[in-house]
Amino acid sequence: MAEAETKSIDKASIEMIEKAASDGASTVFDRAEVMSPCAIGAVGSCCKHCAMGPCQLVTFKGEQLRGVCGATAATVAARNFVRMIAAGSAAHGDHGREVAKVFLEVAKGEAPGFEIKDEQKLLQLALDLGVNIGDRSNNEIAVDVGQILRDEFGKQEGELLFLKRAPLKRQEIWRKLGVAPRGIDREVSEAMHRTHMGCDQDYRDLLLHGARTALADGWGGSMIATELQDILFGTPSPVASQINLGVLKDDEVNIIIHGHEPYLAEIIAVVSQDPELIEYAKSKGAKGINLAGMCCTANEILMRHGVPIAGNFLQQELAIVTGAVEAMVVDVQCIMQGLVEVASCYHTKVITTDRRTKIEGATHMEFDEHKAVESAKAIIRTAIDNFPNRGKNVIIPNYKTDLIAGFSHETINYLLGGLFRASYRPLNDNIINGRIRGVAGVVGCNNVRVTHDDLHVTLVKELIKNDVLVLETGCAAMACGKAGLLLPEAAQYAGEGLASVCEAVGIPPVLHMGACIDNSRILMAATAMVKDGGLGDDISDLPAAGVALEWMSEKAIAIGQYFVSSGVFTIFGTTWPTLGSKEVTDFLFKGMEDLYGGMWAFEPDPIKAAHLVIDHIDRKRKDLGIDKAGERVLYDMTMRRELDAV
Ligand code: XCC
Ligand code: SF4
């Protein structure tokens, strides 16, 4: 096997890893070989929270060392874990806050170029939040909705409003444990305080606050971002597109838009086909302007506009290695600083656009939502101006795969229940009758410490083979997209039961639900399943699990913790950041189940991880009494009507 083939299962990536080597461009794959992970940090045993340290809490002569202040390995591992949750929740929260800000500006008519696209969702949300509708205009209603949700970030007392969307039993669990979050920023700030030197030094108590902070992400920051983005840019519905580096074009200006927050991407998607700009591109010798996405921004504009995806996290530098990218336009999160160095070997311009993410050596062109169209046009013109600088050393790998995306929570509702009777009933029925064994949320990043995309794809194939319906977001969804699993034809890999449902409804066995922020859609889908009846009365009763085998970002830990604290069994792979403390690890893997009905697990092997999911699903099916095929409960129309009447 050629060396590059151990690094990725994706042929386009392998080709570009080899090209980078022959071009002398150093990428993440090379840097990972030079930089081995710190063994003490990797297991959460390094504390650098004060200047008496850093303290490395390793085992010495059979005894576990304590920090200079006396901190135990459990305290240090828990503090590190909670700080990861805080950073991840802060990232999602700051995204949500920015969306709320732009949303308010749009509602007030201060951000020309944007408008409210999903009136129905606006009105539904207004009803949920108790905003007066009457004969007020959409914009007037939106101002109230935006203000209420923006205030969730700085709220000091009470509970986050979206907690009320969860099943009642779940809300009671949170209240009983004291983990119902108050304000989003407050929980993040308190997490930083508690983990400061000499504060909370009881790992259980630290991890309770970690849960509260994570819940402020899932049912707060992330959910606010998803809801307001849907209203502003449209709630996704099924859309066909393509994925992989082969979507780049050799005769057009290639612009890759990479990062997380979608406003700039939205405007660029619209403006890039402006006849005047296309003429300008032609004047520079290009045939047109080709826009492609990367990382979660890609998911956002794929879901809403069908803009093709160039690749996931580990492909960002490889896209530049093609030699065909005029501009890599980035905003926030998951943007490797290595981009600038790789770009220096080619003609690509790395353009930062957000005040919170500047990179030395990149061109900064700050996006101003008050002048959205002008900002977007200036960026596109800069890319066009760079087209004549494209060298001869261009190879666009000839790989791209068709896919279908756009499965928002609402869309799944319609697809399953029909436009007039939107409901999760058919999904629940098919779980109860055993055609679908259960549901898995497969999410998260790429991690260069494991073979790129391999764990996601192997896991998901094993799950669907065993009749587990898979809901995906983030870079995991892109890995499966490249492998052809986001197509109805992928039902050929599914077990008989799942395949029959997919064929009847016309859906793929793997549903792409969006960016990582949209893991909140998975919470909503799980809640809808509970509320539809027949599968218990809490999320923890569902035959369902969450998995992120290739995780790398702190956001993934925040997501995992809000899944667990919402009652979901959640498996991570690659590495586990608390192994330095047996107590903390046991508490996360076992103790949390008693508190939340959900718990963590660590399993780097994708087939074993799939079977942990399947075993868990089977256990839940047994608890629900739906495990025996002979005693299947099949709903006829009369029973269905009775259920609906409840
Ligand atoms: Fe980043 Fe969101 Fe992870 Fe991908 S999945 S590497 S966080 S782009 Ni969010
Ligand atoms: Fe060491 Fe304690 Fe300071 Fe951490 S807080 S660096 S364990 S002395």
Side-chain angles (χ1 to χ4, degrees), residues 28 40-41 44-58 64-80 83-84 87-89 91-92 95 194-201 217 222 225-226 257-262 265 293-300 302-303 309-316 330-336 357 441-448 450 452-453 455-456 472-481 512-520 522 547-560 572-574 580-581:
V28 58
I40 299 163
S45 291
C46 173
C47 179
K48 55 181 187 61
H49 293 196
C50 89
M52 299 192 289
C55 300
Q56 305 179 321
L57 274 63
V58 292
Q64 180 99 55
L65 291 183
R66 284 181 173 230
V68 172
C69 65
T72 62
T75 294
V76 170
R79 279 203 297 229
N80 284 327
R83 284 217 168 171
M84 292 177 93
S89 303
H92 286 147
H95 176 159
R194 282 180 184 241
T195 53
H196 184 274
M197 190 273 157
C199 264
D200 206 353
Q201 287 155 119
D217 175 353
S222 284
T226 297
I257 173 133
H258 168 26
H260 281 79
E261 297 181 0
M294 183 136 272
C295 284
C296 279
T297 295
N299 286 326
E300 301 278 8
L302 165 75
M303 297 280 285
I309 298 187
N312 52 4
F313 176 68
L314 281 180
Q315 290 179 286
Q316 54 186 286
V330 305
D331 63 352
V332 292
Q333 302 169 21
C334 300
I335 295 143
M336 291 195 202
T357 303
V442 176
V443 307
C445 323
N446 288 145
N447 186 318
V448 75
V450 294
H452 172 223
D453 289 349
L455 308 192
H456 290 312
E472 285 201 302
T473 59
C475 290
M478 301 190 205
C480 290
H512 188 345
M513 294 187 80
C516 297
I517 207 96
D518 298 324
N519 284 320
S520 60
I522 298 183
V547 198
L549 294 187
E550 296 184 34
W551 78 281
M552 65 86 203
S553 104
E554 292 167 312
K555 290 179 286 174
I557 293 289
I559 292 165
F572 272 38
T574 311
S581 163

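Just so you know, these numbers use all the heavy atoms, side chains as well, and skip hydrogens, waters and symmetry mates. Each ligand, and each atom within it, is numbered from 1 in the order the structure gives. What you see is a predicted model; the values in this text were computed from it and never measured.
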Query raised in the report: Which is closest to atom 8 (S) of ligand 1 by heavy-atom distance: Q333, H260, E554?
Result: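 It is H260 that holds the nearest heavy atom.
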Residue [X] vicinity, atoms of ligand 2 by number, heavy atom under 4.0 Å:
| X | result |
| --- | --- |
| M197 | 5 (S) |
| C69 | 2 (Fe), 5 (S), 7 (S), 8 (S) |
| R79 | 4 (Fe), 5 (S) |
| G53 | 6 (S) |
| C47 | 4 (Fe), 5 (S), 6 (S), 7 (S) |
| G67 | 7 (S) |

Query - Min side-chain heavy-atom separation T473-N299 under 4.5 Å - result: no
If you count the atoms of ligand 1 from 1 in the order shown, which ones are under 4.0 Å from a heavy atom of [X]?
| X | value |
| --- | --- |
| C445 | 3 (Fe), 5 (S), 6 (S), 7 (S) |
| K555 | 7 (S) |
| F313 | 6 (S) |
| G444 | 5 (S) |

Report task. Check each heavy atom of C334 against ligand 1 and say whether those closer than 4.0 Å belong to the side chain, the backbone, both or neither. Result ->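 It is the side chain that touches ligand 1; the backbone stays farther off.
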Query raised in the report: What part of S553, side chain, backbone, both or neither, has a heavy atom within less than 4.0 angstrom of ligand 1?
Result: side chain
Answer yes or no: is there a donor N or O on one side and an acceptor on the other, between the side chain of [X] and the main chain of [Y], under 3.5 Å?
| X | Y | answer |
| --- | --- | --- |
| H258 | V330 | no |
| Q64 | A73 | no |
| S45 | V76 | no |
| Q316 | C334 | yes |

Query raised in the report: Looking only at heavy atoms of M552, does any of them come nearer than 4.0 Å to an atom of ligand 1?
Result: yes
Report task. Using 2.8 Å as a strict upper limit, say whether an N, O or S atom of C475 approaches atom 3 (Fe) of ligand 1 that closely. Result ->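 No, outside the cut-off.
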Report task. For side-chain contact (heavy atoms from CB on, under 4.5 Å), just list the numbers for I522 and V443, CA-CA rounded to whole Å, side-chain angles, deciding distance to a tenth of an Å, and then say yes or no. Result -> CA-CA 10 Å; I522 298 183; V443 307; 4.1 Å; yes
Query raised in the report: How close do M478 and A298 get, heavy atom to heavy atom, and via which atoms?
Result: CE-CB, 4.3 Å
